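Here the structure comes first, spelled out in C-alpha cells, and everything after it is commentary.
Letters go in sequence order (proteins before strands), and every chain restarts at 1. Excluded from the calculations below are hydrogen atoms, water molecules and symmetry mates; all remaining heavy atoms, backbone and side chain alike, are included. Everything numeric here is computed off the predicted structure, so don't read it as measured data.
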Number of protein chains: 2
Amino acid sequence: MHSPAELATQFRSMGRKLTPQRQLIFSLLHNNETHPTAENLYGIASAQMPGISLRTVYQTLNELAEMGELQLIDLGEGGMRFDPNVDDHHHAVCSSCGKIRDVHVKGAAALKPNDASDFMVSDVGVVFRGKCSDCESRAVKRSPVLQAKVSKK
Amino acid sequence: MHSPAELATQFRSMGRKLTPQRQLIFSLLHNNETHPTAENLYGIASAQMPGISLRTVYQTLNELAEMGELQLIDLGEGGMRFDPNVDDHHHAVCSSCGKIRDVHVKGAAALKPNDASDFMVSDVGVVFRGKCSDCESRAVKRSPVLQAKVSKK
DNA sequence: TGTTAGTTAGCAAGACTTGCAAATTAGAAC
DNA sequence: GTTCTAATTTGCAAGTCTTGCTAACTAACA
Ligand SMILES: [Mn+2]
Ligand SMILES: [Mn+2]
Ligand SMILES: [Zn+2]
Ligand SMILES: [Zn+2]
C-alpha cells in the first residue's frame with residue numbers, strides 16, 4: 001500500500017474527498033502486518049475517533065482493494081482479512097492463536113499444476129498452517145510429556 | 001472419502017444410524033470432484049429425495065468432516081466447499097467460472113517459509129488462480145484482438 | 001459564504017451457517 | 001410383528017459477516 005500521503009493525493013486526483021475517517025484508516029493500515037479484520041480496524045479506529053462507523057471502515061477497505069492498494073485474504077475463519085502488503089508474498093497461519101504472518105517462499109512462483117497443463121495460471125498462493133513460535137513454546141511449557149523430553153536435553 | 005458401503009459400516013460401528021438421507025449424501029459425494037457447496041448438494045439431493053432439509057445436508061457434511069472423510073475448503077467466495085478427496089492435493093480455481101479443479105504439485109510438500117524458521121509447519125496448501133481451458137477458449141473466440149492473433153497462426 | 005457532489009452513519013437486509021426443540025424413525029429387544 | 005428409545009431429521013429462529021439504502025452531513029471549490 002502507498003503511504004497515507006500518497007493515498008491522499010491519489011484519492012483527490014480521482015475526484016474523491018479526503019475525509020478524517022479515510023485518513024485515520026490509511027494511517028492504521030500503514031505498515032500494518034497484522035492482517036486485521038474489518039472489525040479489528042473498527043475497534044482501533046473507534047478509540048481514536050468515537051462515532052466512526054463499521055460501515056465506513058468496510059467502505060474504505062473495499063475502495064482501497066479496488067484500487068489495488070490492499071489485498072483481501074480469506075482463510076476460512078468466517079472473516080475477511082486485509083493486507084496492505086501487496087508485494088509478492090505468502091502466509092503462515094497459526095492454528096492455535098490464529099495469527100497470520102507474512103512469509104516469502106522461494107520457488108513459489110515456479111510452481112505449476114502437475115496435471116492441468118491447460119489451466120492458465122495467473123497467480124499462485126501458498127498457505128502454511130501450523131504453530132507460531134509463541135504457541136509452540138507455550139505448548140511445550142504446559143505439556144508434561146514434552147516437558148520430560150525437553151528436560152532430557 | 002471411503003465408499004458409501006464402508007461409511008455405512010463405520011457409522012453403524014459408532015452407534016449411529018444409517019438413514020436414507022445419509023446414504024444419499026454419501027452417494028452424491030462418492031467420486032465427486034466438483035468441490036460442491038452445501039447448497040449444491042442440497043439441490044441435487046432434493047431432486048432425488050424431495051423433503052430432505054438443507055440442515056441435514058450441513059449436519060452430515062460436518063459429521064463426515066469430523067471423521068476426516070471430507071476436506072473443507074474455503075476460497076473466499078462466501079461459501080464452504082466440501083471435498084471427498086482427502087489425499088494430498090491442491091487446487092486450481094478459475095476466476096471466470098469459479099470451477100475448482102484438483103491438481104497435484106510437485107515439490108509442494110518441500111516448500112518452506114523462507115523467513116519464519118521458527119514456525120512449525122504442519123500443512124501446506126497451494127492455490128492456483130487463473131482460467132480453466134473452457135473459459136480460456138471462450139475468451140479467445142470472443143475477443144477480436146485475440147481472434148486476429150489466432151488466425152495469424 | 002454558498003453550492004453541491006461525494007461521504008458517512010445507522011439500520012435493514014442478504015448470504016451462509018448453526019442452535020434449538022418438536023416430530024420422526026432406525027435399530028435393537030422382545 | 002410389535003414395542004421401545006436414543007439418534008436423527010426438520011423447520012425455523014438466530015448468529016456472524018458483509019452489503020444495500022438513504023437521510024444527514026461535509027470537503028472542496030468557486
Ligand atoms: Mn501478508
Ligand atoms: Mn480437491
Ligand atoms: Zn500462535
Ligand atoms: Zn472457467
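- No donor-acceptor pair closer than 3.5 Å links the side chain of B/N32 to the backbone N or O of B/L29.
- Rounded to whole angstrom, the span from the CE atom of A/M14 across to the C1' atom of C/dA5 amounts to 15 Å.
- Atom P of nucleotide D/dT18 and atom CD of B/E77 are separated by 15 Å, given to the nearest angstrom.
- Across B/K112 and A/V105, no two heavy atoms sit closer than the pair O-CG1, 4.0 Å.
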Short heteroatom pairs, N/O only, protein and nucleotides 22-24 of chain D, under 3.5 Å:
none

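- Side-chain N/O atoms of B/S13 and B/Q10 include no donor and acceptor closer than 3.5 Å.
- Residues that satisfy the side-chain hydrogen bond (donor to acceptor under 3.5 Å, both in side chains) test with A/H35, not counting sequence neighbours, are A/D83, A/H91, A/D102.
- Salt-bridge annotation for B/E63 and B/R22: present, with a side-chain N of the basic residue lying under 4.0 Å from a carboxylate O of the acidic one.
- For the contact set between residues 17-29 of chain A and DNA chain C, defined by any heavy atom under 4.0 Å, the members are A/K17, A/T19, A/Q21, A/R22.
- The distance between atom CE of A/M80 and atom C1' of C/dC16, rounded to the nearest whole Å, is 13 Å.
- Listed here is the closest heavy atom pair of A/D115 and B/V103: OD1-CA, 3.2 Å.
- The distance from atom CG of B/L61 to atom C1' of C/dT17 is 12 Å, rounded to the nearest whole Å.
- Residues A/S3 and A/E6 have side chains that bring a donor and an acceptor to within less than 3.5 angstrom of each other.
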Item to check | From CA spacing to verdict: side-chain contact (heavy atoms from CB on, under 4.5 Å), A/Y42, A/Y58 | outcome: CA-CA 9 Å; A/Y42 173 60; A/Y58 271 109; over 6 Å; no
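- In summary, A/R101 and B/D118 engage in a salt bridge, as defined by a charged side-chain N under 4.0 Å from a carboxylate O.
- A pairwise comparison of heavy atoms in B/D74 and A/G76 identifies OD2-CA, 3.3 Å as the closest pair.
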Distances for protein N/O vs nucleotides 22-24 of chain C N/O pairs under 3.5 angstrom?
none

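- At whole-Å resolution of the value, CG in B/D74 and C1' in C/dA15 are 13 Å apart.
- Rounded to an integer number of Å, the gap from A/R81 CZ to D/dC17 P is 11 Å.
- Residues from residues 39-59 of chain A placing a heavy atom under 4.0 Å of any atom in DNA chain C, listed by number, are A/G51, A/I52, A/S53, A/R55, A/T56, A/Q59.
- Rounded to 10°, the helix from C/dT1-D/dA30 to C/dC30-D/dG1 has 20° between the axis fitted to its first five pairs and the one fitted to its last five.
- Closest non-hydrogen pair, B/L24 versus B/Q48, comes out as CD1-OE1, 3.5 Å.
- Distance, B/R16 CZ to D/dT9 P: 10 Å, rounded to whole Å.
- Rounded to whole Å, atom P of C/dT7 lies 8 Å from atom CZ of A/F11.
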